[in-house]
Amino acid sequence: MKRPVATVLVVAMLVLAGCSSGMTGASGDETGTVNFYVSDQPSAIDDFDHLNVTLSQVTFVRADGNQTQRAADATLDLTQLKGTNSSLVDEYGVASGDYTKVFLNVSEIDGTLTSGDSADVKLPSGKLQLNQNFTVESGSSIDFVYDITVVKRGNSGSYNIKPVAGESGTDVDIEEVGEADDR
């Protein structure tokens, strides 16, 4: 039996209208909010008087491979973010759905050791990658902590920063110690 085209269009519009609840972004996708925090897992951080890390961009990667990039433009002193201490970088509106990775682009690292000497701290790739599954629901807000640690590279006197997966994610205790400094 053939249905009139107008009937098919009306049914299709009703089905689509029923699927459009929740907040929508500029592209029409449903969105939620990620309150994005950075923290520091204690390791070699006690060697530092300050360790300022400047973030330039955060990239959220969905399970389907789509990426959402957001500007960060924030400087954090990791010596102030030990344990559950966390600093809010920003609140990012992103498409709702399942996510599998978060990248942090780092534009600058400036560290001074407790001795007063300048520290050689490297991030070999210029960005930090964290494989972490989480879900952003439409119209809701979640807290996400990206934990960073600094480790000493042998007896070289140099350091690397890297992410800590076991201390990152949405089910991590947060004690907010302020917002990141805008540059």
Side-chain angles (χ1 to χ4, degrees), residues 33-95 97-113 118-136 142-154 156-183:
T33 302
V34 177
N35 301 313
F36 191 79
Y37 291 85
V38 170
S39 182
D40 176 61
Q41 173 66 29
S43 186
I45 197 66
D46 289 335
D47 294 355
F48 290 83
D49 180 54
H50 76 268
L51 180 55
N52 295 329
V53 176
T54 301
L55 308 177
S56 58
Q57 182 174 285
V58 179
T59 303
F60 300 95
V61 181
R62 289 176 54 149
D64 62 9
N66 287 328
Q67 297 183 8
T68 300
Q69 297 177 342
R70 297 289 189 253
D73 195 27
T75 299
L76 305 135
D77 182 354
L78 295 184
T79 64
Q80 303 300 309
L81 303 178
K82 296 177 187 176
T84 59
N85 288 351
S86 302
S87 188
L88 179 66
V89 173
D90 209 337
E91 297 174 357
Y92 297 112
V94 298
D98 296 324
Y99 288 79
T100 59
K101 292 181 187 172
V102 180
F103 293 99
L104 284 182
N105 287 63
V106 176
S107 60
E108 186 178 345
I109 302 171
D110 175 49
T112 300
L113 299 170
S118 182
D120 177 27
V121 183
K122 302 270 188 231
L123 176 60
S125 67
K127 65 182 171 184
L128 297 166
Q129 175 181 325
L130 180 65
N131 295 327
Q132 189 72 33
N133 295 329
F134 62 100
T135 301
V136 176
I142 63 167
D143 292 333
F144 185 94
V145 174
Y146 198 113
D147 197 273
I148 301 171
T149 192
V150 60
V151 293
K152 196 168 189 174
R153 295 184 304 199
S156 69
S158 298
Y159 298 83
N160 282 348
I161 61 171
K162 64 180 193 169
V164 181
E167 299 295 323
S168 298
T170 57
D171 58 350
V172 177
D173 291 333
I174 296 173
E175 186 161 327
E176 191 169 342
V177 294
E179 294 184 13
D181 293 331
D182 291 338
R183 294 218 47 197

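Residues: numbered from 1 along the sequence shown.
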Practice task
Give a yes or no answer on whether the side chain of Tyr92 reaches the backbone of Ala71 with a donor-acceptor pair at less than 3.5 Å.
Solution key: yes
Handout entry: Donor-acceptor contact below 3.5 Å, side chain Ser168 vs main chain Asp147
Key = yes
Handout entry: Name of the residue among Leu78, Val150, Thr112 meeting side-chain contact (heavy atoms from CB on, under 4.5 Å) with Phe48
Key = Val150
Exercise for the section: Please round to the nearest 0.5 Å and tell me the distance separating atom NZ of Lys162 and atom OG of Ser125. Expected result: 13.0 Å
Handout entry: Considering all heavy atoms, the nearest Glu167-Val145 contact
Key = O-CG1, 4.2 Å
Handout entry: Pairwise side-chain contact, Thr170 with Asp143, heavy-atom cut-off 4.5 Å (strictly under)
Key = no
Exercise for the section: State, with a plain yes or no, whether a side-chain heavy atom of Ile142 is found less than 4.5 Å away from one of Val136. Expected result: yes
Practice task
Could you tell me whether the side chain of Asp77 and the main chain of Leu51 form a donor-acceptor pair under 3.5 Å?
Solution key: yes
Handout entry: Side-chain heavy atoms of Tyr99 within contact of Val34, under 4.5 Å
Key = no
Exercise for the section: Please answer whether the main-chain N or O of Leu128 pairs with a side-chain N or O of Tyr146 as donor and acceptor at a distance below 3.5 Å. Expected result: yes
Practice task
Report the C-alpha distance between Val58 and Phe60 in whole Å, list the side-chain angles of each, state the deciding distance to 0.1 Å, and finish with yes or no for side-chain contact (heavy atoms from CB on, under 4.5 Å).
Solution key: CA-CA 7 Å; Val58 179; Phe60 300 95; 3.6 Å; yes
Fill in the blank from the handout: Rounded to the nearest 0.5 Å, the CG atom of Leu104 sits from the CD atom of Gln57 at a distance of 10.0 Å
Exercise for the section: Mind running side-chain contact (heavy atoms from CB on, under 4.5 Å) on Glu108 and Thr75 for me, showing each step along the way? Expected result: CA-CA 9 Å; Glu108 186 178 345; Thr75 299; over 6 Å; no
Practice task
Give a yes or no on whether the backbone of Glu91 and the side-chain of Arg70 come within a donor-acceptor separation of less than 3.5 Å.
Solution key: no
Handout entry: Closest non-hydrogen atom pair between Val89 and Ala72, with its separation
Key = CG1-CB, 4.3 Å
Exercise for the section: Could you grab the distance from atom CG of Asn105 to atom NZ of Lys127, nearest 0.5 Å is fine? Expected result: 6.0 Å
Exercise for the section: Could you grab the distance from atom CG of Asn160 to atom CG of Leu123, nearest 0.5 Å is fine? Expected result: 8.0 Å
Completion exercise
Closest heavy-atom pair, Ser158 versus Asp120, reported as atoms and distance to 0.1 Å, is OG-OD2, 2.7 Å
Completion exercise
dist Leu130:CG -> Phe144:CZ (nearest 0.5 Å) comes out at 5.0 Å
Completion exercise
Heavy-atom nearest pair, Thr100 first then Arg62, reads OG1-O, 3.9 Å
Exercise for the section: Could you walk me through whether Val106 and Leu55 pass side-chain contact (heavy atoms from CB on, under 4.5 Å), step by step? Expected result: CA-CA 5 Å; Val106 176; Leu55 308 177; 4.1 Å; yes
Exercise for the section: Give the C-alpha distance, both sets of side-chain angles, the deciding distance and a yes or no for side-chain contact (heavy atoms from CB on, under 4.5 Å) between Val102 and Gln132. Expected result: CA-CA 7 Å; Val102 180; Gln132 189 72 33; 5.6 Å; no
Completion exercise
Scanning both residues in full, the closest heavy-atom pair of Lys152 with Gly157 reads CE-CA, 4.3 Å
Exercise for the section: Report yes if some heavy atom in the side chain of Lys122 is under 4.5 Å from a heavy atom in the side chain of Ile109; otherwise report no. Expected result: no
Fill in the blank from the handout: Rounded to the nearest 0.5 angstrom, the CD1-OG1 distance for Ile45 and Thr79 is 6.0 Å
